[in-house]
K.L.:
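Dropping a structure here in structure tokens format, bear with me for questions.
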Amino acid sequence: MDNSTEKDEKPLDFIRQIVVADQESGKHATPVTRFPPEPNGFLHIGHAKSICLNFGIADEFNGTCHLRFDDTNPTKEEDEYVRAIKEDVQWLGFDWGENLFFSSDYFDKLYDFAVELIKREKAYVCGLNAEEMRQHRGTLKEPGKESPYRNRSIEENLELFTAMKEGKFDEGTHVLRAKIDMASPNLNMRDPVIYRIMKATHHRTGDKWCIYPMYDYTHCLSDEQEVITHSLCTLEFEDHRPLYDWFLDVLETPSHPRQIEFARLNLNYTVMSKRKLMQLVQENHVQGWDDPRMLTVSGLRRRGYTPASIRNFCAEIGIGKRESWIDMGVLENAVRNDLNIIAPRVLGVLDPLKVVITNYPEDKTEDIKAKNHPQNPDMGSRSLPFSRELYIERTDFMEDPPKKFFRLGIGREVRLRYAYFITCESVVKDEQTGEILEVHCTYDPATYGGNAPDGRKVKGTIHWVSAKHALKCEIRLYDRLFAVENPDADKDVDFKEHLNPNSLQSLPNCMVEPSLADLAPGDCVQFERQGYFCVDLKDSSPGQPVFNRTVGLRDSWAKRNK
RNA sequence: UGGGGCGUAGCCAAGCGGUUAAGGCAUCGGGUUUUGAUCCCGACAUUCGGAGGUUCGAUCCCUCCCGCCCCAGCCA
């Protein structure tokens, strides 16, 4: 009858539809999902999409979500990343509770499963080297050739596999392979490698093992061990699903999770692969994994993005199977929307220009009352010191401005936010360079607070700060890291060629209202008429904040002047 | 005819045989405003990659065609 309440419900994506269907059919009362990062780099916004999906489903349907580190390759993985990944997942607002796992937790079980495969004549030790194996694999259009070692006896395989485990062979001399079908049109099914010899120290198991299981083999069995119901991964693993199912079927495991693939996130003006992010860090194109220009979770955090804004972003872009490119503007919009609600408004001047109020007493200081949030009285107000000498934004003054410039110009009157109307009388210039040094104005004492008793209107309101009370500080403005929409588009051009040389602009001489000395690292504010800024987590010190611009305000004035 | 996937507006994305083809971003108008912000209103696909077919009726089912993405690591 009345479907008005249903109207604004966001439709379920295809994965959630499957979860609901499984719930309704009784297949799974509650879902168990997992987020399975490899600890070989920092998490980025693409991982955030997966985290929000997996943990989100668990939250919404009364299930659980495991955090499982997929650590099957000891040569690439490090503890430092484990620590950072945990911090990022928590910061995003998710809790794995007791469910913290490592694929390496299952190394013993995985080994037993491999022995079982051999006994079922579904795996064999192969002595082909990497190059030979590549040749035997065939091509996309031609079937592969069977390995000469394919029909070894169970006993021989068992003996050889034990020897592999005991370190009796060198790396690369033997592998354990699944015995499936060398003629399969799906290359993943052409007797894939299950175990390889790696004489490396593992970050958790140390030197216990010198053979390590491969991803395809490990992942399905780890999921199975944890009784995962829905194993969500990205599209490129679609071709691996038959193999995922094959291992579970052959081993007749009690549980058989369902792998479901979705499209990874692409954002324009950035790169998303861990390898490329790593390169930017190692070659010092950025100042670390948490550089505010990086779309890593830690970079976004340092940039001033809130966890809620990232979650909202992920919810907004949805889940599907289409390869899509999201505009960076959508991400920026997500922070604006969140910060617009929660960020206190303050006054700060990025590029200071001195203003002298010639008819204001030399030694006088007044308190000006300013709202902390014009739309939210609950956020209260504060007082701003006002005196004869002020700073305003250099871009808010033009000697001979065009008509539509609603700011200060010679002979023009504007409002100083919350303070007084001022009229510009003259400018003082550097005789050599012509640079404007000072602007001389008069104020109307009757306009205290920003309203004229005679009812006269003023077109513009500009921000300001009292010169002798201002806190001088550094503010960093960030722009997109790349100058083109898709830095990866041309395979013949290195993506780093497209780095935006102006992605970081540091302003060391900004003047902000004095109350900002009390801010703590991570606090965010809106500098009115400028944008949202946060106190840098690393480079700020007590009483001396360094600000990062998270994102600018929408600016229809700048837009029309393009 | 290797195999697997995907095509709805500038960018995302609902839609599940009968809808005025949701919603968001962007864009363009208008209003409010002591932030050129926010907020509020309005405009924005006769059409769903193309062509056929099934059906009273197709974005949705079938066929063919076109386009894009993924796969030949002892990476994940």
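Below, chain A is the first sequence line, B the second, and so on; all start at residue 1. The analysis underlying the following values was restricted to heavy atoms, covering all of them including side chains, and did not include hydrogens, waters or symmetry mates.
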K.L.:
Checking all strands, does A/Arg336 fall into the base, sugar-phosphate, or nothing category for heavy-atom contacts under 4.0 angstrom?
P.N.:
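The residue A/Arg336 makes no contact with any strand.
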
K.L.:
Hey, does the side chain of A/Arg554 come within less than 4.0 Å of B/A26's phosphate (OP1/OP2), counting only N and O?
P.N.:
yes

K.L.:
Counting heavy atoms from C-beta on, name the nucleotide in B/C74, B/G5, B/A37 closest to the side chain of A/Val175.
P.N.:
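Nearest to the side chain of A/Val175 among the choices is B/C74.
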
K.L.:
Once Watson-Crick and G-U wobble pairs under 3.5 Å are found, how is RNA chain B written in dot-bracket notation, 5' to 3', with | for any base paired to another strand?
P.N.:
.(((((((.[[[..)..(....]]].(((((.......))))).....[[[[[..)....]]]]])))))).....

K.L.:
Passes salt bridge (charged side-chain N to carboxylate O under 4.0 Å, His left out), A/Asp71 versus A/Lys76? Steps please.
P.N.:
CA-CA 9 Å; A/Asp71 56 350; A/Lys76 292 189 168 184; over 6 Å; no

K.L.:
Between P on B/A13 and CZ on A/Phe262, what's the gap in Å once rounded to a whole number?
P.N.:
13 Å

K.L.:
For B/C16 and B/C48, measure between their C1' atoms and round to the nearest Å.
P.N.:
15 Å

K.L.:
If the cut-off is 4.0 Å, is A/Ser556 near the phosphate of B/A37, judged by side-chain N/O to OP1 or OP2?
P.N.:
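Yes, because at least one side-chain N or O of A/Ser556 sits under 4.0 Å from OP1 or OP2 of B/A37.
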
K.L.:
Nearest to the A/Ile317 side chain among B/A76, B/C12, B/C71, which nucleotide is it?
P.N.:
B/C12

K.L.:
Is NZ or CZ of A/Lys321 both nearer than 6.0 Å to the six-membered ring centre of A/Phe262 and within 45° of the ring axis?
P.N.:
no

K.L.:
OP1 or OP2 of B/A26 versus the side-chain N and O atoms of A/Lys559: is any pair under 4.0 Å?
P.N.:
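Negative; the distance criterion is not met.
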
K.L.:
Taking atom types as they are modelled, is there a donor-acceptor pair under 3.5 Å from the base of B/U35 to the side chain of A/Gln530?
P.N.:
no

K.L.:
Using the P atom in both, what is the distance from B/A21 to B/A43, to the nearest Å?
P.N.:
15 Å

K.L.:
Take atom P in B/U1 and the same atom in B/C64, then report the distance between them in whole Å.
P.N.:
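So the two P atoms sit 13 Å from each other.
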
K.L.:
Quick one: does A/Gln17 reach the base of B/C16 with a side-chain donor-acceptor pair under 3.5 Å?
P.N.:
yes

K.L.:
Nearest whole Å is fine: how far is B/A76 P from A/Tyr244 OH?
P.N.:
16 Å

K.L.:
Measure CE/A/Met189 against C1'/B/G2 and give the value in whole Å, please.
P.N.:
16 Å

K.L.:
Of the listed nucleotides (B/C75, B/C71, B/A72), which one gets closest to any side-chain atom of A/Asp239?
P.N.:
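Shortest atom-to-atom distance from the side chain points to B/C71.
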
K.L.:
Is the Lys NZ or Arg CZ of A/Arg480 less than 6.0 Å from the centre of A/Tyr269's six-membered ring, within 45° of the axis?
P.N.:
yes

K.L.:
Rounded to whole angstroms, how far apart are CG on A/Asn333 and P on B/G23?
P.N.:
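In whole Å, B/G23 P and A/Asn333 CG are 17 Å from each other.
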
K.L.:
Between the base of B/G36 and the side chain of A/Arg407, is one N or O donor paired with an acceptor at under 3.5 angstrom?
P.N.:
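Such a pair exists between side chain and base.
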
K.L.:
OP1 or OP2 of B/G7 versus the side-chain N and O atoms of A/Arg322: is any pair under 4.0 Å?
P.N.:
yes

K.L.:
Can you confirm whether more than 12 heavy atoms, excluding those of A/Lys371, are under 6.0 Å from its NZ atom?
P.N.:
no

K.L.:
Mark yes or no: A/Arg204 above the aromatic ring of A/Phe102, with NZ or CZ under 6.0 Å from the six-membered ring centre and no more than 45 degrees from the axis.
P.N.:
yes

K.L.:
Nearest whole angstrom, please: distance from the P of B/A13 to the CG of A/Leu265.
P.N.:
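Whole-Å distance recorded here is 11 Å.
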
K.L.:
How far does the C1' atom of B/G36 sit from the matching atom of B/G31, given to the nearest Å?
P.N.:
15 Å

K.L.:
Can you find a donor-acceptor N/O pair under 3.5 angstrom joining the side chain of A/Asn186 to the base of B/G4?
P.N.:
no

K.L.:
Under 4.0 Å between a side-chain nitrogen and a carboxylate oxygen: does that hold for A/Glu393 and A/Arg529?
P.N.:
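No salt bridge links A/Glu393 with A/Arg529.
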
K.L.:
Rounded to whole angstroms, how far apart are CD1 on A/Ile342 and P on B/U38?
P.N.:
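Distance check: A/Ile342 CD1 to B/U38 P gives 17 Å.
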
K.L.:
Could you please name the option among B/G73, B/U35, B/G2 that lies closest to any side-chain atom of A/Arg417?
P.N.:
B/U35

K.L.:
Can A/Lys274 be said to sit on top of A/Phe42's aromatic six-ring, NZ or CZ under 6.0 Å from centre and within 45° of the ring axis?
P.N.:
no

K.L.:
Tell me whether B/G30 sits syn or anti, counting syn as a glycosidic angle within 90° of 0.
P.N.:
anti

K.L.:
Which one, B/G5, B/C25, B/C75, comes nearest to the side chain of A/Leu235?
P.N.:
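That would be B/G5.
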
K.L.:
Pick the C1' atom in B/U20 and in B/U59, then give their distance to the nearest Å.
P.N.:
16 Å

K.L.:
P atom, B/A9 versus B/A51: distance in rounded Å?
P.N.:
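These two P atoms come out 16 Å apart once rounded.
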
K.L.:
When you check the phosphate oxygens OP1 and OP2 of B/C69, does a side-chain N or O of A/Arg264 lie under 4.0 Å from one of them?
P.N.:
no

K.L.:
From B/C25, B/G36, B/C75, pick the nucleotide closest to the side chain of A/Lys76?
P.N.:
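So the nucleotide nearest the side chain must be B/C75.
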
K.L.:
Under 3.5 Å, is there a donor-acceptor pair between the side chain of A/Asp327 and the main chain of A/Val330?
P.N.:
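Not a single qualifying donor-acceptor pair exists.
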
K.L.:
When you measure from the side chain of A/Ser324, which nucleotide among B/C12, B/A72, B/A76 comes out closest?
P.N.:
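Shortest atom-to-atom distance from the side chain points to B/C12.
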
K.L.:
Can you tell which of B/G24, B/A37, B/C12 lies closest to the side chain of A/Leu553?
P.N.:
B/A37

K.L.:
For A/Arg415 and B/U33, is the shortest distance between a side-chain N/O and OP1 or OP2 below 4.0 Å?
P.N.:
no

K.L.:
Would you tell me whether A/Tyr305 and A/Asp338 have side-chain atoms, one donor and one acceptor, within less than 3.5 Å of each other?
P.N.:
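Note: A/Tyr305 and A/Asp338 side chains miss the donor-acceptor criterion.
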
K.L.:
Does B/A76 have its OP1 or OP2 closer than 4.0 Å to a side-chain nitrogen or oxygen of A/Thr218?
P.N.:
no

K.L.:
If we require ring centres under 5.5 Å and near-parallel planes under 30°, does A/Tyr215 stack on B/A76?
P.N.:
no

K.L.:
Is the closest side-chain donor-acceptor distance between A/Arg345 and A/Asn372 under 3.5 Å?
P.N.:
no

K.L.:
Would you say B/C11 has OP1 or OP2 under 4.0 Å from some side-chain N or O of A/Asn268?
P.N.:
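Answer no for this pair, as no side-chain N or O of A/Asn268 is under 4.0 Å from OP1 or OP2.
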
K.L.:
Of the options B/U35, B/C12, B/G36, whose atoms approach the side-chain atoms of A/Gln375 most closely?
P.N.:
B/U35

K.L.:
Find the distance A/Lys459:NZ to B/A37:P and express it as a whole number of Å.
P.N.:
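Rounded to the whole Å, the gap is 12 Å.
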
K.L.:
Quick one: which of B/U38, B/C71, B/A76 gets closest to the side chain of A/Asn340?
P.N.:
B/U38

K.L.:
Can you tell me, in whole Å, how much space there is between the C1' of B/G67 and that of B/G50?
P.N.:
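Their C1' atoms lie roughly 10 Å apart.
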
K.L.:
Verify, without hydrogens or angle tests, whether A/Trp209 (side chain) and A/Lys165 (backbone) share a donor-acceptor contact under 3.5 angstrom.
P.N.:
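Answer holds: no.
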
K.L.:
Taking CZ from A/Phe14 and P from B/G15, how many angstroms apart are they, rounded to a whole number?
P.N.:
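So the CZ-P distance, A/Phe14 to B/G15, works out to 12 Å.
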
K.L.:
Answer yes or no: does a side-chain N or O of A/Thr72 lie under 4.0 Å from OP1 or OP2 of B/C75?
P.N.:
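No, because none of the side-chain N or O atoms of A/Thr72 sits under 4.0 Å from OP1 or OP2 of B/C75.
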
K.L.:
Taking only side-chain nitrogens and oxygens of A/Arg137, does any of them come within less than 4.0 Å of OP1 or OP2 of B/G73?
P.N.:
yes

